[in-house]
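None of these values were measured; they are calculated from a predicted model.
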Amino acid sequence: MAIDYQSLAVRGVQALSPYQPGKPIDELARELGLDPADIIKLASNENPLGPSEKALAAAREALSELCLYPDGNGFDLKQALSARLAVGMDQITLGNGSNDVLEVIARCFADPDAEVVYSQYAFAVYPLVTQAIGATGVSVPARDWGHDLDAMAAAVTERTKLVFVANPNNPTGTVHKAADIEAFLAKIPERVLVVLDEAYCEYLTGNEYPDGVQLLSRFPNLIVCRTFSKAWGLAALRVGYSISSPAIADVLNRVRQPFNVDTLALAAATAVLADDAYLERSREVNSAGLRQLEQAFDRMGLAYIPSAGNFVAVDVGEQAQAVYEALLARGVIVRPVAGYGMPRHLRVSVGLPEQNARFIEALEQSLAALGQGS
């Protein structure tokens, strides 16, 4: 008799559905017989500029060390982050992308008796890591597509161990200003850890938005998570990190795998931190791209959620899945977000101007073919 190996998995894992990333270009090319060179991918919030030349040079130089294990402590990268963020090296925990850090946090501080609070329409990894460890997820209804911080604070109980807050939020692009985040943190008991996920924070400009690192001295239960995958353009190398109190970082580093960030990633991330011109160019291209997409949606009469990230969620109607597939047939990959409870929306990453124009044209054609054109 065949063994049901799924039934042998721990209870939380049994009911999990795998995280669904954006469709790769090569996969679409194989499925539809398209030329990969004619496909554009605007599905995974990647930086359309390509990597920084400084990052590329550092990675090339590190190639000769492929026979050696990485620096398990990530000294050079921690030192660079410490100098840039004005924090101690003992406050930093490195991860194989920020997803890795989020999972380590959950494993360290939650258990099957715990509750973990997060928002409706928030990043899919929060419920995934919660369910994987057998904790109880508490999804708080959103307000205007974003976090209802007052309701989230009210949802904290004696069983709550963690609260996840994404600012800006993925996939909706909503953002809270500094005063809102500080007021929220003041309501959370110090025994409850708040994870402020700032994966898209480099796209924010203006003093009205919070810098989570600056809040650490006032809120010792705060953990700030960031990534090199978005504005810094290193998605393929998977480098993320958290900043917290030294005491919390000490706990995280006990569970973190010692070689979770590889040598090429460490070298490239350290180098790109010195490339402020690249970061500024990333911001400029993103800001212009958001305007280009929003103006097109306004012209087409499509509702969208104003975004502070490098993507925008647009309401294409009840046939969103059909629109997505029609775009695929035209060689344009975007991201359906029905799995987030947003069945009418597609999330579109900001590309280069010509990529955005190609998407806009393909969207108009797709909507017209489905009888939804304006």
Please assess Glu103 against Asn99 for the test side chain to side chain contact (heavy atoms under 4.5 Å, CB included), listing each intermediate value before the final yes or no. CA-CA 6 Å; Glu103 182 179 2; Asn99 286 17; over 6 Å; no
Criterion side chain to side chain contact (heavy atoms under 4.5 Å, CB included) on Val163 and Phe184, from CA distance to verdict: CA-CA 11 Å; Val163 180; Phe184 167 75; 3.8 Å; yes
Side chain to side chain contact (heavy atoms under 4.5 Å, CB included) between Ile181 and Leu215, intermediate numbers included: CA-CA 10 Å; Ile181 295 294; Leu215 300 174; 4.0 Å; yes
Verdict with reasoning, Val87 to Ile92, per side chain to side chain contact (heavy atoms under 4.5 Å, CB included): CA-CA 8 Å; Val87 299; Ile92 299 169; 4.2 Å; yes
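Taken to the nearest 0.5 Å, the CD atom of Gln214 stands 10.5 Å off from the CD atom of Glu182. Taking CG of Leu49 as the start and CG of Leu352 as the end, the distance is 6.0 Å to the nearest 0.5 Å. The OH atom of Tyr304 sits 14.5 Å away from atom OG1 of Thr172, with the distance rounded to the nearest 0.5 Å. Taking CG of Asp38 as the reference point, atom CG of Leu28 lies at 11.0 Å (rounded to 0.5 Å). Interatomic distance, Ser245 OG to Leu193 CG, rounded to the nearest 0.5 Å: 8.5 Å. Rounding to the nearest 0.5 angstrom, the gap separating the CD atom in Gln295 from the CG atom in Leu290 is 11.0 Å.
Under the 4.5 Å side-chain heavy-atom criterion for ILVMFWY residues, a single connected hydrophobic cluster contains both Leu363 and Leu328. Under the 4.5 Å side-chain heavy-atom criterion for ILVMFWY residues, a single connected hydrophobic cluster contains both Val348 and Leu327. Taking hydrophobic clusters as Ile, Leu, Val, Met, Phe, Trp and Tyr residues chained together by side-chain heavy-atom distances below 4.5 Å, Val312 shares a cluster with Ile333. Taking hydrophobic clusters as Ile, Leu, Val, Met, Phe, Trp and Tyr residues chained together by side-chain heavy-atom distances below 4.5 Å, Ile305 does not share a cluster with Val140. When hydrophobic clusters are built by joining Ile, Leu, Val, Met, Phe, Trp and Tyr residues whose side-chain heavy atoms come closer than 4.5 Å, directly or via intermediates, Met342 is grouped together with Val125.
At least one donor-acceptor pair closer than 3.5 Å links the side chain of Asp71 to the backbone N or O of Phe75. Side chain of Arg191 to backbone of Thr160: a donor-acceptor contact under 3.5 angstrom is found. Side chain of Asp144 to backbone of Gly146: no donor-acceptor contact under 3.5 angstrom is found. In terms of modelled atom types and a separation under 3.5 Å, the side chain of Gln355 and the main chain of Leu42 share no donor-acceptor contact. No donor-acceptor pair under 3.5 Å is formed between the side chain of Asn169 and the backbone N or O of Thr174. Under a 3.5 Å cut-off, the side chain of Ser119 and the backbone N or O of Ala122 do not form any donor-acceptor pair. Between the Thr157 side chain and the Arg159 main chain, a donor and an acceptor come within less than 3.5 Å of each other.
The aromatic rings of Trp145 and Tyr121 sit tilted relative to each other, their planes meeting at an angle between 30° and 60°. Taking the six-membered ring for Trp and thresholds of 30 and 60 degrees, His147 and His176 have ring planes more than 60 degrees apart, a perpendicular arrangement.
Considering only heavy atoms from C-beta on, Leu293 stays 4.5 Å or farther from Val314 through its side chain. In this structure the side chain of Asn310 never reaches within 4.5 angstrom of the side chain of Asn47, judged on heavy atoms. No side-chain heavy atom of Asp90 sits under 4.5 Å from any side-chain heavy atom of Asp250. Residues Val316 and Ser366 are not in side-chain contact: their nearest non-hydrogen atoms beyond the backbone lie 4.5 Å or more apart. Side-chain atoms of Val251 and Phe109, non-hydrogen and from C-beta on, do get closer than 4.5 Å to each other. Taking the side chain as every heavy atom from C-beta outward, Leu34 and Ile25 never approach each other to under 4.5 Å. Looking at heavy atoms from C-beta onward, Asn45 lies in side-chain contact with Arg347 at the 4.5 angstrom threshold. Between Val239 and Leu77, the closest side-chain pair of non-hydrogen atoms falls below 4.5 Å.
The ring pair (Phe, Tyr, Trp, His ring centres under 6.0 Å) test with Phe164 is passed by exactly one of Tyr126, Tyr118, Phe123: Tyr126.
Pairing each heavy atom of Gly74 with each of Leu94, the nearest pair is CA-CD1, 3.8 Å. The shortest non-hydrogen separation linking Asn356 to Ser349 is OD1-O, 4.4 Å. Minimum interatomic distance between Ala59 and Leu264 (heavy atoms only, all atoms of both residues): O-CD2, 3.4 Å. Considering all non-hydrogen atoms of both residues, Leu273 and Ala80 come closest at CD1-CB, 3.8 Å. Scanning both residues, Thr227 and Ala199, for their nearest heavy atoms gives CG2-O, 3.5 Å. Contact record, Gln120 with Ala142: OE1-N, 2.9 Å, taken as the closest heavy-atom pair.
With hydrogens and angles left out, the side-chain atoms of Ser242 and Ser244 include no donor and acceptor closer than 3.5 Å. In the model, Glu202 has no side-chain atom that pairs as donor or acceptor with a side-chain atom of Ser282 under 3.5 Å. Checked by atom type, the side-chain pair Ser229/Arg238 shows a donor-acceptor distance below 3.5 Å.
A salt bridge links Arg84 with Asp276: at least one charged nitrogen is closer than 4.0 Å to a carboxylate oxygen. Between Asp150 and Lys187 there is a salt bridge, since a side-chain N of the basic residue sits under 4.0 Å from a carboxylate O of the acidic one. A salt bridge is absent between Asp26 and Arg30: the closest approach of a Lys/Arg side-chain nitrogen to an acidic carboxylate oxygen does not fall below 4.0 angstrom. A salt bridge links Glu280 with Arg283: the distance from a Lys NZ or Arg NE/NH1/NH2 to an Asp or Glu carboxylate oxygen falls below 4.0 Å. The existence of a salt bridge linking Glu27 and Lys41 is excluded, since no basic side-chain nitrogen approaches an acidic carboxylate oxygen closer than 4.0 Å.
Atom CD of Glu284 is surrounded by more than 12 heavy atoms from other residues, nucleotides or ligands within 6.0 Å. Other residues, nucleotides and ligands contribute over 12 non-hydrogen atoms within 6.0 Å of the CD atom of Glu208. Under a cut-off of 6.0 angstrom, the local environment of CG in Asn207 is sparse, with at most 12 non-hydrogen atoms contributed by other residues, nucleotides or ligands.
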